[in-house]
Each structure stands twice: as structure tokens, then as C-alpha cells.
There are 4 protein chains.
Amino acid sequence: MKSSTGIETKRKILDATFQLMADKGFDALSIDDIMTSIGRTKGSFYVHFKSKEELLYEVMRTRLDRGHDRMTEEIPKELTKDKCNVRAILEKVIAEIHAILGNDRLTWAFAYYHLLIHSRKDEFVRVWLEANADQWSTFLNIIVKRGQELGQIRTDVDTQTITNMLMGIVVGYDILFMVKPQIDVSEVYHIHDWMFVNDPSSKDE
Amino acid sequence: MKSSTGIETKRKILDATFQLMADKGFDALSIDDIMTSIGRTKGSFYVHFKSKEELLYEVMRTRLDRGHDRMTEEIPKELTKDKCNVRAILEKVIAEIHAILGNDRLTWAFAYYHLLIHSRKDEFVRVWLEANADQWSTFLNIIVKRGQELGQIRTDVDTQTITNMLMGIVVGYDILFMVKPQIDVSEVYHIHDWMFVNDPSSKDE
Amino acid sequence: MKSSTGIETKRKILDATFQLMADKGFDALSIDDIMTSIGRTKGSFYVHFKSKEELLYEVMRTRLDRGHDRMTEEIPKELTKDKCNVRAILEKVIAEIHAILGNDRLTWAFAYYHLLIHSRKDEFVRVWLEANADQWSTFLNIIVKRGQELGQIRTDVDTQTITNMLMGIVVGYDILFMVKPQIDVSEVYHIHDWMFVNDPSSKDE
Amino acid sequence: MKSSTGIETKRKILDATFQLMADKGFDALSIDDIMTSIGRTKGSFYVHFKSKEELLYEVMRTRLDRGHDRMTEEIPKELTKDKCNVRAILEKVIAEIHAILGNDRLTWAFAYYHLLIHSRKDEFVRVWLEANADQWSTFLNIIVKRGQELGQIRTDVDTQTITNMLMGIVVGYDILFMVKPQIDVSEVYHIHDWMFVNDPSSKDE
DNA sequence: GATGAATGAGAGTTCATTCAT
DNA sequence: AATGAATGAACTCTCATTCAT
């Protein structure tokens with residue numbers, strides 16, 4: 001097993017790290033754990049990464065950054081349409097997030113909270129997390145504002161506040177889910193009953 | 001300072017651990033860190049605790065369990081009153097939580113998420129967290145149900161779902177607060193605009 | 001073997017390091033080597049030193065700094081005497097150095113040259129070495145100048161140049177000694193035949 | 001730059017190693033350092049050398065052995081002349097050494113002392129160093145003896161002792177120069193004032 | 001000739017834990 | 001109740017060396 005593609009091994013390391021991170025957290029995860037799990041030895045880790053820290057950054061870049069980009073292109077286009085259904089769009093967004101997370105939901109949640117904790121001692125991670133949150137906030141803010149303009153979303157609450165609550169409840173459910181995996185995450189859709197006005201087409205799920 | 005009450009030192013250790021946990025997390029926190037911070041030496045730690053693990057459990061017991069008890073006695077009494085204002089009660093509950101957290105808000109949040117992560121590898125912690133969540137859930141569920149009975153809280157959404165959303169949004173705001181400490185946590189009160197029906201007395205703060 | 005005096009173990013580490021340094025050099029010397037040689041385990045090294053680097057500095061401080069101090073007190077007093085024999089004084093100085101080195105001559109030489117090499121990458125060591133050389137230079141310069149004043153040392157060569165040659169030949173012989181341990185280091189005394197003028201009482205050892 | 005002459009690359013490796021040795025020492029120098037510095041990769045090192053050890057020997061052979069050969073042919077011829085000026089010859093020898101060292105003086109010095117230290121654990125290096133010293137000693141001894149025969153060099157000191165002091169002071173100045181690069185190495189010529197008798201044409205540089 | 005992925009031994013360092021004092 | 005020396009396992013990282021390509 002002397003030779004394999006560098007890129008392939010690197011990808012395996014990134015994937016394994018992401019999976020294992022959720023279990024033990026990044027700090028408690030040893031390079032030995034990672035490399036053993038992909039059938040390589042400790043020493044060869046450093047062929048692909050300069051340090052464990054670099055590995056973390058790469059995991060964030062390749063794993064957590066993606067997904068967001070996929071949506072920020074189409075959604076804005078749909079919003080500009082004259083007769084658009086903001087609630088439908090928002091549900092699509094959330095559904096797509098769910099799709100991305102898929103069965104890895106818990107893994108993602110743990111990975112994220114590990115980052116959160118890691119951010120305390122790592123400026124780079126802290127900045128990245130905040131930027132990431134800002135991206136989502138900006139993105140959702142656009143949707144909410146459009147909903148208010150079209151008279152579909154209530155206007156008695158400030159746009160940014162609604163955005164914050166939207167984000168808050170989504171991540172909040174993640175936490176509940178971490179504590180009680182049997183919880184029904186789709187309940188989160190009920191927030192729509194509250195933020196959208198006179199909505200005859202009842203929701204499902 | 002060679003001799004002091006055992007109980008006093010033990011309390012100091014518990015307090016210091018809680019404070020330091022927020023910064024570095026429980027795992028990254030060394031016994032040396034803790035003992036140095038209270039002016040004692042590493043060796044004497046084991047006079048008070050059998051292991052680092054036991055320390056964690058004691059922190060949870062003495063720090064995180066309390067607060068809850070303080071409320072679960074008075075609130076139910078108020079709820080049984082004929083003409084009670086459920087919204088006012090709920091706001092009192094949240095205000096009281098805020099009071100408990102006080103300036104340690106971030107500390108609490110980090111401590112909690114450390115536990116969350118720790119729960120992955122520690123059955124004891126996992127069970128405790130779930131029990132803790134259940135306590136709160138049960139407690140809030142009672143309030144919400146009473147609100148619905150009195151016609152103060154909307155009934156088109158299931159009692160437990162409203163409870164879950166209530167909890168979700170509260171913890172969700174904590175997360176947002178961890179990422180962006182400049183966020184206004186009191187926004188969370190707006191959820192009341194949504195769950196309570198025809199409420200003329202506008203909210204505050 | 002759980003308990004011993006900290007100071008005792010620390011001294012053992014310093015001594016062992018000095019001895020072993022001569023063999024393998026400081027870099028090639030592992031902490032395991034040192035601790036095993038004194039019957040302790042690697043981990044306990046860090047009870048006494050913060051790092052391997054600190055160990056090096058302490059070795060320099062406690063080993064290489066001493067000796068010099070012993071002389072710089074008496075010699076100057078002797079020099080101020082009206083009828084002093086500078087050659088005798090100089091020979092005493094060199095004899096005393098030899099006495100300090102004793103059977104550890106090779107060890108000292110190797111330790112010193114390891115430092116020399118280490119100085120390339122360690123500012124602290126570089127500065128220390130230069131300061132150490134300056135001390136000796138200043139010390140010898142005083143002796144030589146006094147000898148010239150008294151008409152005992154030739155004045156056709158600059159004071160500092162004589163000092164430099166004196167130092168040069170002493171360390172030079174150390175090098176020769178490293179390459180060929182059978183060389184007779186006491187030959188170095190012949191330099192006196194050259195620097196001192198009309199000296200009837202010839203001398204070799 | 002995929003393919004080049006093997007010999008060319010080998011020479012590059014030898015040169016780079018010599019240069020880099022002075023900075024970090026041979027042990028601290030990694031094969032990666034060397035190969036990167038010449039724009040090749042680690043793996044190809046083993047096309048040219050069997051091991052790192054072999055590299056060291058080759059550096060010694062090709063770098064440190066030369067220079068000596070250049071002189072040992074002409075000088076003896078000059079010495080046999082009836083009316084030869086031994087002092088002039090000796091100065092020529094030293095000047096030539098200086099020329100060989102050139103601006104690499106410090107590099108040579110460090111490289112040499114690394115070897116010195118390396119000799120402790122490597123029989124081959126030890127033997128080579130001793131042979132090298134013997135060569136120089138023999139060579140200088142011939143010059144000194146001839147100077148004594150011609151009455152140009154003092155005879156009150158043993159031939160070999162003068163030779164040793166000559167070597168000692170030359171290498172001694174190298175050490176001083178390592179510690180204090182601002183020192184004037186040409187001072188070393190003053191030893192001639194001492195070993196040569198009634199020399200009217202004084203000399204400094 | 002050159003590449004670069006992989007290896008495995010060993011480095012310095014940290015740390016929970018033990019125990020004689 | 002407190003100390004601090006000692007332990008040993010685990011960690012991140014380095015590096016000479018091998019080998020399929």
C-alpha cells in the first residue's frame with residue numbers, strides 16, 4: 001500500500017475527520033485515530049497537512065462552507081419575481097438545508113458546536129464562524145424583507161428580529177435534537193404559522 | 001494558608017472549574033490550571049475528588065441543577081389562580097433565568113455546550129442532560145397548557161410543539177449570542193407576540 | 001522511588017546532561033537519555049525544568065559560569081602589588097583553569113563546541129557566549145597590560161593582540177586535544193617564552 | 001527540470017549540504033532541506049547517495065580534503081632551495097589557506113566543528129579528522145624544521161611544539177572568530193614575530 | 001533520474017493520577 | 001489538608017528511508 005493518489009487520501013482524511021469530530025470533538029481526536037480509521041499510519045498525515053490546525057481549517061473550508069453557495073444563487077432570482085410565494089421559498093431553503101445535512105444531522109451539529117468551543121482559543125475559527133453566521137443572516141434577511149414588502153410576512157416585528165428568531169429557532173432545534181434525538185425537527189416549520197399572515201394554504205408535515 | 005476547611009476548598013474548586021470551563025472547555029482544562037487558580041497545588045485535588053470525572057459531575061450537580069428548583073415551587077401555585085396572566089408568568093420565568101445567568105451568560109452557554117459534547121462519550125452526562133431538558137420541558141409544558149386552557153395561548157398548534165419552540169428559541173438565541181455577543185438577547189420576548197392571542201398590552205424591553 | 005529532594009534530582013539532571021552533552025551533543029541528547037541515566041522517567045523531567053531549552057541555559061549558568069568568578073577576585077589584588085611577577089600570575093591562572101577542567105577536559109571542550117554550534121540558532125546562547133568570551137578577554141587584558149607596564153611583557157605587539165593570541169592558543173589547543181587526545185596540553189605554556197621578555201629562569205612543565 | 005545529469009545533481013547536493021551544514025549542523029539538517037534548496041525532491045536523494053551518512057563522507061572527501069593537496073606539491077620544492085625564506089613561505093601557506101576559505105570562513109569553521117562533534121559517534125569521521133590533522137602537522141613540521149636548520153626559527157623550543165602552537169593558534173583564532181566575528185583574523189601573523197629570530201623586515205597586514 | 005505517498009521509530013511535551021512526607 | 005516528585009500513557013510532529021510510478 002505504498003502508493004495512492006494524494007488527493008484521494010487527503011479527501012479520506014477530511015471525511016474521516018468530519019465523522020470522528022462529531023464523536024470526540026476535534027481536540028480529543030488524535031491524528032492516530034484519523035489515520036488508523038482510513039488504514040494509513042500516523043506519519044503519512046503530514047504528507048497532506050502541515051499541522052492538525054490546518055486540517056481543521058480545511059475541514060471547515062471544504063465541508064461547512066459548501067451548501068450555502070448552492071442556494072445563494074437561485075433563491076435571489078426567484079425572489080425578484082412579481083408573484084412569488086415567500087413562504088414556499090423559505091420552506092424550500094430549509095428543506096434544502098435538511099437535505100444537505102441528511103443523516104449526518106447529529107454529526108453536523110456536534111461538529112459545529114465543537115467549532116464554537118474551539119473558537120474560544122482560535123481567532124481564525126472565531127472569525128470564520130462569525131462570517132458564516134453573517135452570510136446566513138444576510139441571506140435570510142433578504143427573504144424576510146421581501147416577504148414583508150409583499151405583505152406576506154407580518155410587519156409589526158422588525159425585519160432583523162424576525163431573521164434572528166428564524167435563525168435562533170433553527171439552531172435551537174439542533175441543540176434539542178442533540179439532547180433528545182427523538183425530537184421531531186420538522187416542528188420548526190410551525191414558526192411559519194406565526195410569521196406569515198393570513199395564510200389559507202395550511203402547511204403540512 | 002496550609003490548612004483550611006475541606007469544604008471551603010472544595011467549593012473553590014467547583015467555582016473555579018465552572019469559570020475556567022467556559023474558556024477552555026472541560027477537557028482542555030488541567031487540574032493544575034484549576035488548583036493554581038485557587039492557590040493550591042495539584043496533589044491536593046485528590047483530597048476532595050476521586051477523579052476529574054467526578055469533578056465534572058459535581059459541577060453539574062451543584063451549579064447547573066440549581067435555579068430550576070427555585071422556580072418550580074412558586075410558579076405552579078400562581079398558575080392555579082383563577083385569573084392568572086400566563087404571559088406575565090412566562091416573562092417572569094424568562095426574566096428569572098436571565099437573572100440567574102446574569103453576566104455569566106457566555107460562561108453558562110459554553111459550559112453547557114461543553115457538557116453537550118462531553119455527553120457523547122459519557123453516559124452519565126448524557127442521561128443527566130436529558131433529564132435536565134425533560135424537567136424544563138415538563139415545567140414549560142404546564143405553563144403553556146394552562147395558557148391554552150385560559151384561552152390566552154393559541155391552540156392551533158400542539159402544546160408540546162409550542163413548548164419545544166419556546167425552548168428551542170431560547171437556547172437558539174444562546175448560540176447566536178456565542179457567535180455574535182453583540183446580539184440583543186431580549187429579542188427573544190417577541191416570541192410571545194406570536195404564541196399569545198389578541199394581546200392588547202404590548203410587550204416591553 | 002516516589003520521593004526525593006527536588007534540588008537533588010535537579011542537580012543530577014544538570015550533571016548528567018553535562019556529561020552526556022559531550023558525547024552526543026545537546027541536540028542529539030534526548031530527555032529520555034538523561035532521565036534514564038539518573039534512574040528516573042521522562043515525565044518527571046518537567047517537574048524540574050520547563051523545557052529542554054531551559055535545561056541548556058541552566059547547564060550554562062551553573063556549570064560554565066562558575067570558575068571564572070573564583071579568579072576574578074584574587075588575581076586583580078595580586079596585580080596591584082608593587083613587585084608582582086606577572087608570568088607567575090598568568091601561569092597560576094592557567095593552572096587553575098586546568099584544575100577546574102580536571103579530567104573533564106574533553107567533556108568541557110565538547111560541551112563548549114556544542115554550545116558554539118547551538119549559538120547559530122539560539123540568540124540567548126549566542127549572547128551568552130560572547131559575553132563569556134568578553135569576560136575572559138577583559139580579565140586577561142588587564143594582566144597583559146600590567147605585564148607590559150612592568151616591562152615584563154613585550155611591548156612591540158599591541159596589548160589586545162597579545163590577549164587575543166593568548167586566548168586563541170588556549171582554545172586552539174583544546175581543539176587539537178579533541179582531535180588528538182594524546183597531545184600534551186601543557187605545551188601551551190611555551191607561549192610564555194615568547195611573550196615575556198628577558199626571562200632567565202626558563203620554564204617548561 | 002525533470003531530468004538532468006546525475007553528476008550535476010550530485011555536485012549540487014554536496015555544495016548545498018556544505019553551505020547548509022554551517023547553519024544548522026549536519027544532524028539538524030534534513031534531507032528535505034537539502035533537496036528543496038536545490039529544487040529537487042526528497043525521494044531523489046537516494047538516487048545519488050546510499051544514506052545520509054554517506055553524504056557526510058562525500059562532503060568531507062570532496063570539500064575538506066582539497067586545498068591541502070594543492071600546496072603539498074609546490075611548497076616542499078621551494079624549501080629545498082639553498083637560500084629560501086621560510087617566513088615568506090609560511091606566510092604564503094597561511095595566505096593560501098585564507099584564500100581557500102575566502103568568505104566562507106565561518107561556514108568552514110562551523111562545518112569543521114560539526115565534524116568534530118560528529119566524530120564522537122562516528123569512527124570513520126574520527127579517523128578521518130585525525131588523519132587530516134596529521135597531514136597538516138606533518139606538512140608544517142617540515143617547514144618549521146627547515147626554518148630551524150637555516151637558523152631562521154628559534155631552536156630553544158622543540159620543533160613539534162612550535163608546529164603544534166602554530167596549528168593551535170590558527171584554529172584558536174577560528175574559534176574566537178566564531179564567537180566574535182568582528183575580530184581581526186590577520187592578527188595571527190604576529191606569531192611569526194615570536195617564532196622567527198632577528199627578523200628585520202617587520203610585518204603586519 | 002525524479003517524484004511523492006507511505007512508513008515507523010523516536011523526539012519533546014502534557015497530564016491525570018499516586019504517594020511519601 | 002496540603003505538598004510536590006514521580007509515573008506512564010498519550011499526544012503532535014519530524015525525519016531517514018522505501019518504493020510504485
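Naming: A, B, ... by sequence-line order, numbering from 1 per chain. The structure presented is a predicted model; accordingly, all values stated were derived computationally and were not measured.
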**Student:** Among F:dA5, E:dT13, F:dT17, find the nucleotide with the atom closest to the side chain of D:Ser51.
**Tutor:** F:dT17
**Student:** Report which part of the nucleic acid D:Tyr46 touches: base, sugar-phosphate, or nothing (heavy-atom distance under 4.0 Å, all strands).
**Tutor:** base
**Student:** Tell me which nucleotide among E:dG8, F:dT12, F:dA2 gets nearest to the side chain of B:His48.
**Tutor:** F:dA2
**Student:** Starting the side chain at C-beta, find the nucleotide from E:dT7, F:dT17, F:dT12 nearest to A:Lys42.
**Tutor:** F:dT12
**Student:** Quick check against the 3.5 Å criterion: does A:Lys52 have a side-chain atom that pairs as donor or acceptor with the backbone of A:Asp27?
**Tutor:** yes
**Student:** May I ask you to say what C:Leu29 touches in the nucleic acid, namely base, sugar-phosphate or nothing, with a heavy-atom cut-off under 4.0 Å?
**Tutor:** sugar-phosphate
**Student:** Choosing from E:dG12, F:dA6, E:dA6, which nucleotide comes nearest the side chain of A:Arg40?
**Tutor:** E:dA6
**Student:** Hey, are A:Glu58 and A:Arg61 close enough for a salt bridge, meaning a charged N less than 4.0 Å from a carboxylate O?
**Tutor:** yes
**Student:** Taking it one step at a time, do D:Asp122 and D:Arg126 satisfy salt bridge (Lys or Arg N to Asp or Glu O under 4.0 Å)?
**Tutor:** CA-CA 6 Å; D:Asp122 190 326; D:Arg126 186 161 51 253; over 6 Å; no
**Student:** Base, sugar-phosphate or nothing for B:Ile34? Non-hydrogen atoms, less than 4.0 Å.
**Tutor:** nothing
**Student:** Please tell me which of the listed nucleotides, E:dT17, E:dA2, F:dA5, lies nearest to the side chain of D:Val47?
**Tutor:** E:dA2
**Student:** Would you classify A:Leu55 as touching base, sugar-phosphate or nothing, given that sugar-phosphate means primed atoms plus P, OP1 and OP2, and contacts are heavy atoms under 4.0 Å?
**Tutor:** nothing
**Student:** Please figure out whether A:Phe45 or C:Gly43 has its closest DNA chain E nucleotide nearer the 5' end.
**Tutor:** A:Phe45
**Student:** Where the side chain of D:Thr41 is defined as all heavy atoms beyond and including C-beta, which of E:dG4, E:dA5, F:dT7 is the nearest nucleotide?
**Tutor:** E:dG4
**Student:** Tell me which nucleotide, if any, is Watson-Crick or G-U wobble paired with E:dA20 when both distances must be under 3.5 Å.
**Tutor:** F:dT3
**Student:** Taking D:Lys50's backbone N and O only, do any of them form a donor-acceptor pair with D:Glu54's side chain (distance below 3.5 Å, no angle check)?
**Tutor:** yes
